[in-house]
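Each chain gets a letter, A, B and so on, in the order its sequence line appears, and its residues count up from 1. Only this structure's heavy atoms are used, side chains among them; waters, hydrogens and symmetry mates stay out.
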Amino acid sequence: MNLFRYFGNHLRAVLEDLRDQGVLQADADLSRVTVEPPRDTAHGDIATNAAMVLAKKAGMKPRDLAVTIVEGLERLDDIEKADIAGPGFINMTVTSSFWSKILLAALDPGQVWGRSDTGRGEKVLVEFVSANPTGPMHVGHCRGAVFGDALARLLDFAGYDVTREYYINDAGAQVDVLARSAHLRYLEALGEEIGDIPEGLYPGDYLKPVGSAAVEKFGDRYRGAVESEWLPEFRDFSISMMMDMIRDDLEALNIRFDSFFSERSLKEGKVNSIDDAIAEMRQMGLIYEGTLPPPKGKKPDDWDEREQTLFRATDFGDDVDRALAKADGSHTYFAADIAYHRDKIRRGFSTLIDVLGADHSGYVKRMKAAVRALSDDTVKLDVKICQLVHLLRGGKPVKMSKRSGSFITLREVVDEVGADVVRFIMLYRKNDASLDFDFDRVQEQSKDNPVFYVQYAHARIHSVLYRRLPDEFPGLDMGQIDPVREDLALLDDPGEILLIKKLAEYPRIVEQAANTHEPHRIAFYLYELASELHTHWNRGTEKPELRFISVGNRKVTGARAVLLGAIATTIASGLGILGVHPVEEM
RNA sequence: GGUCCCGUAGCUCAGUUGGAUAGAGCACCAGAUUCCUAAUCUGGGGGUCGCAGGUUCGAAUCCUGCCGGGAUCACCA
């Protein structure tokens with residue numbers, strides 16, 4: 001149950017009544033009316049701006065209109081009172097009995113708490129990671145991987161039909177380099193002395209197993225053979241091994257894909273989809289032959305002005321038109337990506353999400369332009385750029401040099417701190433802000449560390465719910481309490497009410513996070529919820545009567561167990577969206 | 001030089017798609033443990049929301065122009 005939607009519907013009914021009575025204009029715009037928690041909880045439980053938004057058109061002062069709306073609202077059973085404040089806000093206070101409904105909803109076995117149908121089954125494709133299949137995942141891929149996966153989980157939870165896809169860049173020159181590097185390792189595995197890895201090939205040791213595997217597969221058939229004979233075989237073979245390795249790395253982070261889409265498949269089908277896409281766009285008048293101006297202010301030394309095949313990206317919001325063919329006539333990466341996105345559109349997705357690294361920020365406009373052009377603006381493309389992660393150890397930057405091959409792999413990070421920590425920290429920040437990841441800090445067991453803090457709240461609840469008290473309450477299993485049989489009206493302490501109110505926000509947070517494609521909102525909410533729990537927990541230090549286990553009072557203890565159960569359910573649910581495991585013991 | 005992102009407390013960051021007196025954590029200061037986990041909690045000080053205009057009942061939030069930081073800039077992927 002979404003509290004704000006619930007009362008939003010109430011409010012809407014009241015406003016429609018007023019419209020029928022002629023108080024509001026027949027065409028009054030109700031879409032700007034919001035129903036949300038007031039900033040200051042002292043104002044009440046729910047606030048609406050309805051009177052302020054609608055007053056002008058109704059020819060009334062906001063406060064006068066508010067009086068009329070309040071009359072309607074106060075007729076509702078769940079509303080204790082409605083006040084008018086400031087320029088015309090209406091603050092509603094919910095009856096205390098209403099809060100019990102929240103707890104019952106949270107623990108209702110017939111529905112999933114927090115799940116939303118806001119997505120209405122709409123098909124969404126989340127493309128993320130898409131790292132080149134030329135080596136293991138390194139730490140730079142980590143954030144996008146976690147972000148994309150959490151976003152997919154979030155959208156799924158919010159009622160979208162989500163597909164997670166990995167685009168394999170297996171068609172460019174880099175996979176030929178991979179094949180040559182693997183071939184060299186193959187010769188090495190055959191016992192040849194290969195010396196230093198030549199400039200331009202991948203030096204990493206991770207290719208040694210590929211070399212050995214190639215010996216098993218091919219024998220010495222390709223020793224001394226000309227490159228044109230072995231290159232295609234070695235390319236396919238090593239890409240496949242690299243993808244296996246990448247899948248393993250992702251698995252370690254608790255990430256799985258629904259689909260892997262090969263760039264090469266665009267060219268190798270019955271029809272070449274890249275040519276086909278270009279032909280289609282040409283027919284639509286989206287393509288011309290022309291020359292581009294050099295970049296303003298910074299003319300590259302080797303600027304070669306020539307005629308190119310160009311997409312009219314500027315007609316769709318881009319800054320310049322974009323080249324589809326290289327000097328040698330082959331397709332640009334962008335051309336392939338256009339064909340790929342056309343394929344996504346044709347598969348019937350109504351929303352596309354691309355999760356990219358910061359180095360692709362310059363790519364956003366052209367891709368949006370392409371999707372607009374190809375879908376006649378019917379398909380939305382949202383590009384989420386994940387900014388850089390700065391690795392630190394004890395506050396000092398961790399040095400990395402990709403050139404020497406000594407970069408830090410994703411697997412090393414996961415092995416050191418654990419997938420749950422990596423995931424939570426990466427999600428405890430907006431995707432478009434850069435992030436510091438300090439190996440020491442993220443493993444601290446203190447409130448300094450948000451992962452720990454939230455996990456600890458869950459473990460604390462677990463310690464109560466699974467406590468056996470044979471002397472106090474023989475036969476009572478707090479983890480098995482049936483909420484509908486408890487007297488929830490006993491939860492009347494202000495601290496308890498605050499906790500329930502915090503719980504009540506959860507469904508709304510889920511919807512907001514899903515609508516904005518911002519999973520970090522879930523992480524921050526969980527931190528706040530954990531904080532409220534710890535606060536209330538410690539009230540029991542000075543006031544023993546507030547402890548969750550109320551000695552000698554089975555009814556109060558039962559009601560509080562329901563509250564704890566609802567909080568634990570919410571924490572576990574939110575962590576589930578983030579792909580983090582709730583722990584029961586620390 | 002163009003484009004995109006960022007700029008909020010000493011530091012790291014939230015900020016409910018335009019709402020009321022702008023919030024957390026860290027750090028600093030002062031406190032709480034016969035008690036369900038003190039791995040926690042309570043209180044305190046700390047702000048020109050980068051700057052200047054504009055839009056309106058109302059702006060940290062939207063628009064324009066500046067300033068500062070980062071990423072990126074035909075033909076690589």
Side-chain angles (χ1 to χ4, degrees), chain A residues 4 32 34 36-40 43 47 49 52-53 55-56 61-62 85-89 91 130 132 134 169 171-175 263 291-300 302-306 308 310 318-323 325-328 332-334 336-337 357-365 383 385 387-388 428-430 432-436 441 444-450 452-453 455-457 459-461 463-465 467 469 505 508-509 512 515-516 520-521 524 527-528 531 533-542 544 547-551 557 560 564 585-586:
Chain A
F4 300 95
R32 287 176 60 215
T34 60
E36 56 192 11
R39 176 156 292 179
D40 186 341
H43 291 141
N49 62 356
M52 291 182 289
V53 173
K56 200 175 217 176
K61 289 180 180 168
F89 285 101
N91 295 320
S130 300
N132 284 344
T134 54
N169 297 137
Q174 81 282 357
V175 288
E263 179 186 357
T291 53
L292 285 179
K296 284 171 189 167
K298 180 202 158 210
K299 185 166 180 171
D302 57 347
W303 181 258
D304 174 24
E305 187 164 310
R306 63 164 201 281
Q308 292 174 296
L310 298 169
D318 202 355
D319 308 308
V320 288
D321 293 335
R322 302 291 176 176
K326 300 181 203 171
D328 67 2
T332 60
Y333 181 81
F334 181 51
D337 226 3
D359 53 342
H360 285 71
S361 58
Y363 201 64
V364 177
K365 278 193 178 184
V383 182
I385 297 287
Q387 288 295 332
L388 298 179
Y428 195 66
R429 199 113 304 180
K430 259 186 312 204
D432 47 17
S434 62
L435 175 157
D436 287 346
R441 184 160 295 177
E444 257 175 45
Q445 303 218 328
S446 74
K447 66 178 302 187
D448 202 2
N449 179 358
F452 170 79
Y453 190 75
Q455 295 277 34
Y456 181 43
R460 259 189 159 170
I461 292 171
S463 77
V464 174
L465 292 185
R467 201 158 200 250
L469 298 159
E505 291 177 22
R508 182 166 181 268
I509 297 286
Q512 285 178 339
N515 290 340
T516 53
H520 76 274
R521 290 171 188 258
F524 279 92
Y527 187 89
E528 289 167 13
S531 176
L533 175 82
H534 291 312
T535 296
H536 190 66
W537 184 287
N538 276 66
R539 289 198 182 102
T541 303
E542 285 197 10
R547 290 179 195 164
F548 290 101
I549 295 172
S550 181
V551 176
T557 303
R560 289 178 182 170
L564 283 178
E585 289 173 5
M586 306 298 291

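Using atom P as the reference point in both rG15(B) and rU8(B), the two lie 14 Å apart (nearest Å).
Partners of Glu528(A) under the side chain to side chain contact (heavy atoms under 4.5 Å, CB included) rule, at least two apart in sequence or in another chain, are Lys502(A). Remark: Asp319(A) pairs with Lys365(A) by the side-chain hydrogen bond (donor to acceptor under 3.5 Å, both in side chains) rule, at least two apart or across chains. Remark: His43(A) pairs with no residue by the ring-ring contact (aromatic ring centres under 6.0 Å, His included) rule, at least two apart or across chains. With sequence neighbours left out, Ala336(A) forms a side chain to side chain contact (heavy atoms under 4.5 Å, CB included) with Tyr167(A), Glu263(A), Leu266(A), Ile274(A). Judged as a ring-ring contact (aromatic ring centres under 6.0 Å, His included), and not counting sequence neighbours, the contacts of Tyr453(A) are Tyr527(A), His534(A). With sequence neighbours excluded, no residue satisfies ring-ring contact (aromatic ring centres under 6.0 Å, His included) with His360(A). Under the side-chain hydrogen bond (donor to acceptor under 3.5 Å, both in side chains) criterion, Asp321(A) pairs with Tyr288(A), Thr314(A), not counting sequence neighbours. Qualifying side chain to side chain contact (heavy atoms under 4.5 Å, CB included) partners for Lys56(A), counting only residues two or more places apart in sequence or in other chains: none. Taking the side chain to side chain contact (heavy atoms under 4.5 Å, CB included) definition, one finds that Ser550(A) meets it with Asn553(A), Val556(A), Thr557(A), Arg560(A), sequence neighbours left out.
Counting to the nearest Å, the P atom of rA74(B) and the OH atom of Tyr363(A) are 12 Å from each other. Rounded to whole angstrom, the span from the CG atom of Asp319(A) across to the P atom of rC73(B) amounts to 14 Å. Protein atom CZ of Arg306(A) is 9 Å distant from nucleotide atom P of rC75(B), rounded to whole Å. When the P atom of rU17(B) is taken as reference, atom CD of Gln512(A) falls 6 Å away, rounded to whole Å. When rounded to the nearest whole Å, the span between CD of Glu36(A) and P of rU16(B) equals 9 Å.
The shortest distance between the side-chain N/O atoms of Lys430(A) and the OP1/OP2 oxygens of rU8(B) is not below 4.0 Å.
Base contact: Ala85(A) has a heavy atom under 4.0 Å from a base atom. Ala47(A) comes within 4.0 angstrom of a nucleotide base, judged by non-hydrogen atoms across all strands. Residue Arg508(A) is in base contact, counting any heavy-atom pair closer than 4.0 Å across all strands shown. Using a 4.0 Å heavy-atom criterion, one finds that Asp432(A) contacts the sugar-phosphate atoms exclusively. Using a 4.0 Å heavy-atom criterion, one finds that Asn515(A) contacts the bases of the nucleic acid, with or without backbone contacts as well. Nucleic acid contact class of Ile385(A) (heavy atoms, under 4.0 Å, all strands): none. Among the protein residues, Pro37(A) comes within range of the nucleic acid bases, having at least one heavy atom under 4.0 Å from a base atom. Note on Phe524(A): only backbone sugar-phosphate atoms sit closer than 4.0 angstrom, heavy atoms only; bases stay farther off.
Using a 4.5 Å cut-off on side-chain heavy atoms (C-beta onward), Pro450(A) and Phe452(A) make no contact.
The base of rA74(B) lies outside donor-acceptor range of the side chain of Asp321(A), with no N or O pair under 3.5 Å. Within 3.5 Å, no donor on the side chain of Arg521(A) pairs with an acceptor on the base of rU16(B), nor the reverse.
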Discussion item. Output one letter per nucleotide in nucleotides 37-46 of chain B: B when a protein non-hydrogen atom lies under 4.0 Å from the base, S when only the sugar-phosphate is that close, - when neither is.
Written reply: BSBBSS----
Worksheet item: Which nucleotides of nucleotides 56-71 of chain B have their base under 4.0 Å from a protein heavy atom (B), which only their sugar-phosphate (S), and which neither (-), written as one string 5' to 3'?
Response: -S--B----------B
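A cation-pi geometry, defined here as NZ or CZ lying under 6.0 Å from the six-membered ring centre and within 45° of its normal, holds between Arg508(A) and Phe4(A).
For Gly86(A) and Thr332(A), each mapped to the nucleotide of RNA chain B holding its nearest heavy atom, the one lying further toward the 5' end belongs to Gly86(A).
Remark: ring of Phe89(A) stacked against base of rA20(B); centroid gap under 5.5 Å, plane tilt under 30°.
Counting only Watson-Crick and G-U wobble pairs whose two distances sit under 3.5 Å, RNA chain B takes part in these stems of three or more pairs: B:1-7 with B:67-73, B:10-13 with B:23-26, B:28-32 with B:40-44, B:50-54 with B:62-66.
Taking the syn range as angles within 90° of 0, the glycosidic angle of rU17(B) is syn.
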